[in-house]
Amino acid sequence: MLQVPYIRENKDLIIARLKVRNMDATDTLNKIIEADKNRRETQQKLDDVLASSNAKAKEIGILFKQGKGAEANELKQETSQLKATSKTLQETFNTYSDEVKQLLYLVPNVPHESVPEGKSDADNVEIFSEGALPTLHADAQPHWELTKKYDLIDFELGVKITGAGFPVYTGKGARIQRALAGFFLDQATEKGYREVQPPLLINEASGYGTGQLPDKEGQMYHSPVDDLYLIPTAEVPVTNMYRDVIVKTEDLPIKNTAYSQCFRREAGSYGSDVRGLNRLHQFDKVEIVQITHPSKSMAALDEMVEYVKTLLQKLELPFRIVRLCGGDLGFTSVLTYDFEVYSAAQEKWLEVSSISNFETFQANRLKCRYRDENNKPQLVHTLNGSALAFPRILAALLENNQTPEGIKIPKELAKYTGFDIIK
RNA sequence: GGAGAAUUGGCAGAGUGGUCGAAUGCACUAGUCUUGAAAACUAGCGUACCGCAAGGUACCGAGAGUUCGAAUCUCUCAUUCUCCGCCA
C-alpha cells in the first residue's frame, strides 16, 4: 500500500495517475489525509497524557520507597483520572488508525508514467514481437485434441478425481512437465537466481504481505480449519520470506526463483477461455522474484523482460510483449509487461508471463527495508515475473509443432525430455 | 495427539512489580595508540510513531487482563525444545 506521507505530499499527482486506471481517488485520498490528521492530533494528546501519567507513577514509586505512603496514595487518586482519559484517547486513536488502514487498502499502486490509458486488455500496447506465425497442415488440431490423441493429458480423469481444471498429465505429457521445470530452473539459476522450494500453503499475514488479501480473497483456495491459503503463485511465499526483514544493502539485488504448483479458484470464468489448458485451477509455474534498491528496479524489470525473451526464443515460440494499460494493470503494480505466445491451432495469443515492478507497494506492507547511506531503513522495491507458466506454453508447443509425423520438441527442451518427437 | 520446559536487542545472556529500552559479553562502527595489523583503550551501536526542535510515546513471541506502575503477576494463542504416541 501507499505511504501516508507520500499521499499527503503528492495528492494531486496520485489522483492524476490513478485516472489511468479509470479511477477517481480524490474522495478516498481526502479521507485518508483527514483521518491521518485526526490520528496524529490524537496521538499528540495521548502521548502527553501518558507522559504525565508515567511521571506520576514514577513519583509514587519513589514516595513509597521513602516511606511516604500517605502522599503516594494521594497521587494515586490523580492518576486514575489520567487513566480514564488515556483510555478514551487510546480508543479514539485506534479508530482513526483503523480508518486510515482500511482506506489505504482501497488505493491501488500509482501507475508508471509510461502506462497507457485503457479500459481492458484490448487497450494494451504491443511493444515487441518476434518469430514467424507457423502455418499448419490442413487437419491440424487444437491442443485438447492432441493431448488426447497422444495420451499426454487426461482431463476427464482429473474431473473424476477432483473437478474441472485439474488435469492429469500422463506419460510423455508428465515428462514434458518435468522437463519444463528443469529447463526453466536451470536457466534462471544460470542467470543468478537462487532456487528455492517454498511452502504451497501460506498464512493470512503472508496474504496481506503481497497484496492478495484483503481484496482478492475469492481468488485463493482457503482451508478454514487451519486458516491457510493455497498459493496462487510462488510470488507469495518467496516474497514473504523477506517480510519484516531489513536486508543487507550489499546483498541487493536479491534474486530468487521457485518452481511451484499454483492454485486459483478462477470463479466466474467460462467458455473457450477455459478450454483445455487455457485456464486451470492447478498449474505449474517457475517464478522469478527480485528485491532491489529503489534506484535499480526499473533496470531490473527490463532485465527480467530480456531474460524471459531468451526463454521463448529457446523454445522457438512466436511471442509478443505488451505493456499493460491502466485498466488491465494489477492492483499492486506500477508497471507490467505481459508475454503472449501464439497458439497456432486456436489462432490465439496466450498470456504466459506477467512481469511487474511493485516499487514500494508490497515492501510497505512487508516492512522489507534496506539501510541507506545514512544507515536509515528505507523500503526496498520488489518485482516478480513468471518464467514461465507451463500450461499455455505446453498448449503452444503442441499446436505449433504438430506435423503429420508427430509433435516435434524444440532442441533446447529435448535435452530435458529425452525425446524430440511425440508420435 | 498427550506431558513437561522455554520464548528478552545481530548473537549469547542477566533481569521476577517501581528511576528498565533493558546489565554484561561477543559481533559491528568510529577514534586513540602502531610503520601496518593485532591487542588494548575511548565512544557509539534496535524499530516505529508524533514533534521544526527540545523531547515524548509504544514495543522484552502475539493478544487480552490485574495494578498508580508490568520484561517481571493472570488468561488465551503461536512458536521452539525434550519425552511418549503416530507416520511419509
Side-chain angles (χ1 to χ4, degrees), chain A residues 1-9 32-104 197-209 213 223-229 237 240-252 254 261 360-380:
Chain A
M1 63 187 131
L2 300 180
Q3 297 169 90
V4 177
Y6 176 74
I7 293 176
R8 223 187 292 148
E9 285 157 30
I32 289 171
I33 290 168
E34 178 66 19
D36 176 63
K37 189 170 161 242
N38 292 333
R39 197 199 99 241
R40 284 182 296 150
E41 282 172 6
T42 311
Q43 181 178 348
Q44 195 76 260
K45 290 183 203 158
L46 175 63
D47 284 359
D48 286 346
V49 174
L50 287 174
S52 64
S53 171
N54 286 344
K56 286 208 164 71
K58 227 170 234 182
E59 250 181 86
I60 291 170
I62 293 168
L63 287 174
F64 270 125
K65 257 191 185 156
Q66 294 171 341
K68 299 175 182 167
E71 287 175 48
N73 281 317
E74 226 169 275
L75 261 184
K76 274 199 200 176
Q77 303 296 318
E78 292 179 39
T79 45
S80 48
Q81 177 68 33
L82 288 173
K83 206 182 164 189
T85 316
S86 73
K87 199 173 175 189
T88 317
L89 283 169
Q90 184 70 60
E91 279 161 11
T92 312
F93 177 80
N94 290 345
T95 307
Y96 286 131
S97 288
D98 283 351
E99 192 183 341
V100 172
K101 206 165 119 191
Q102 292 309 319
L103 288 164
L104 281 174
Q197 195 174 67
L200 304 182
L201 286 149
I202 50 126
N203 58 29
E204 196 178 39
S206 294
Y208 275 95
L213 297 174
S223 165
V225 189
D226 302 294
D227 201 18
L228 296 172
Y229 298 84
N240 270 282
M241 297 194 302
Y242 299 92
R243 174 151 50 84
D244 295 320
V245 171
I246 299 180
V247 299
K248 289 198 185 119
T249 307
E250 62 265 30
D251 289 346
L252 298 176
I254 295 169
Q261 277 69 44
T360 59
F361 198 85
Q362 288 183 331
N364 189 215
R365 290 197 190 182
L366 293 162
K367 300 258 176 310
C368 179
R369 292 160 294 170
Y370 72 102
R371 290 185 190 276
D372 66 13
E373 51 284 353
N374 301 317
N375 218 33
K376 277 196 62 178
Q378 303 285 354
L379 295 174
V380 298

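Here is how names work: the chains are called A, B, and so on, in the same order as the sequence lines, proteins then strands, and each is numbered from 1.
Between the CG atom of A:Asp244 and the P atom of B:rU47 there is a distance of 14 Å, given to the nearest Å. Straight-line distance from the NZ atom of A:Lys376 to the C1' atom of B:rU29: 19 Å, rounded to whole Å. Taking atom CG of A:Asn94 as the reference point, atom P of B:rC49 lies 17 Å away to the nearest angstrom. A:Arg369 places its CZ atom 12 Å from the P atom of B:rG10, with the value rounded to the nearest Å. When the C1' atom of B:rC50 is taken as reference, atom CD of A:Glu41 falls 11 Å away, rounded to whole Å. Residue A:Asn375 contributes atom CG, which lies 12 Å from atom P of B:rC45 at whole-angstrom precision. Protein atom NZ of A:Lys367 is 16 Å distant from nucleotide atom C1' of B:rG46, rounded to whole Å.
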Checklist entry - Along nucleotides 53-80 of chain B, 5' to 3', which nucleotides get a B, which get an S, and which get a -, given that the test is a protein heavy-atom distance under 4.0 Å? => result ---BSS---------BS-----------

Checklist entry - Can A:Asn203 and A:Asp227 be said to form a side chain to side chain contact (heavy atoms under 4.5 Å, CB included), step by step? => result CA-CA 7 Å; A:Asn203 58 29; A:Asp227 201 18; over 6 Å; no

Next on the checklist: Evaluate A:Gln90 against A:Asn94 for side chain to side chain donor-acceptor pair (under 3.5 Å), listing each step before the verdict.
Outcome noted: CA-CA 6 Å; A:Gln90 184 70 60; A:Asn94 290 345; 3.3 Å; yes

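Ion pairing between a basic and an acidic side chain is recognised when a charged N comes within 4.0 Å of a carboxylate O; A:Arg39 and A:Asp36 show such pairing.
Across B:rU79 and B:rU74, the matching P atoms stand 22 Å from one another, rounded to whole Å. A distance of about 15 Å separates the C1' atoms of B:rG46 and B:rC20, rounded to the whole Å. Distance check on atom P: B:rA12 versus B:rC81 gives 14 Å, rounded to whole Å. B:rU24 and B:rU42 have their P atoms separated by 12 Å, with the value rounded to a whole Å. Taking atom P in both B:rG25 and B:rA43, one finds a spacing of 12 Å when rounded to whole Å. B:rU80 and B:rA88: their P atoms are spaced 22 Å apart (whole Å). Taking the C1' atom of each, B:rC28 and B:rU34 are spaced 22 Å apart, rounded to whole Å. Spacing of C1' atoms, B:rA62 relative to B:rA78, comes out at 7 Å, to the nearest Å.
At most 12 heavy atoms of other shown residues, nucleotides or ligands fall within 6.0 angstrom of atom CD in A:Gln81. For A:Gln3, the CD atom sits in a packed shell: over 12 heavy atoms of surrounding residues, nucleotides or ligands are nearer than 6.0 Å.
One N or O on the side chain of A:Thr249 and one on the backbone of A:Arg371 form a donor-acceptor pair closer than 3.5 Å. Judged purely by atom type and a 3.5 angstrom limit, A:Thr42 uses its side chain to pair as donor or acceptor with the backbone of A:Asn38.
Contact detail for A:Gly209 and A:Leu366: the closest heavy-atom pair is O-CG, 3.5 Å. The two atoms that bring A:Asn364 and A:Leu2 nearest to each other are OD1-O, 3.5 Å, heavy atoms only.
Close to B:rC50, at under 4.0 Å from its OP1 or OP2, lies a side-chain N or O of A:Arg39. One finds a side-chain N or O of A:Arg40 lying less than 4.0 angstrom from the OP1 or OP2 phosphate oxygen of B:rG51. Using a 4.0 Å cut-off, some side-chain N or O of A:Arg371 falls inside it from OP1 or OP2 of B:rU47.
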Item to check | Nucleotide pairing, RNA chain B (Watson-Crick or G-U, distances under 3.5 Å), in dot-bracket with [ ] and | | outcome: ((((((((.[[[..)..(.....]]].(((((.......))))).(((((....))))).[[[[[..)....]]]]])))))))....

Compile the donor-acceptor pairs under 3.5 Å between side chains in residues 54-62 of chain A and protein atoms, sequence neighbours left out, one pair per line.
residue, atom, partner, partner atom, Å
A:Asn54, ND2, A:Leu50, O, 3.4

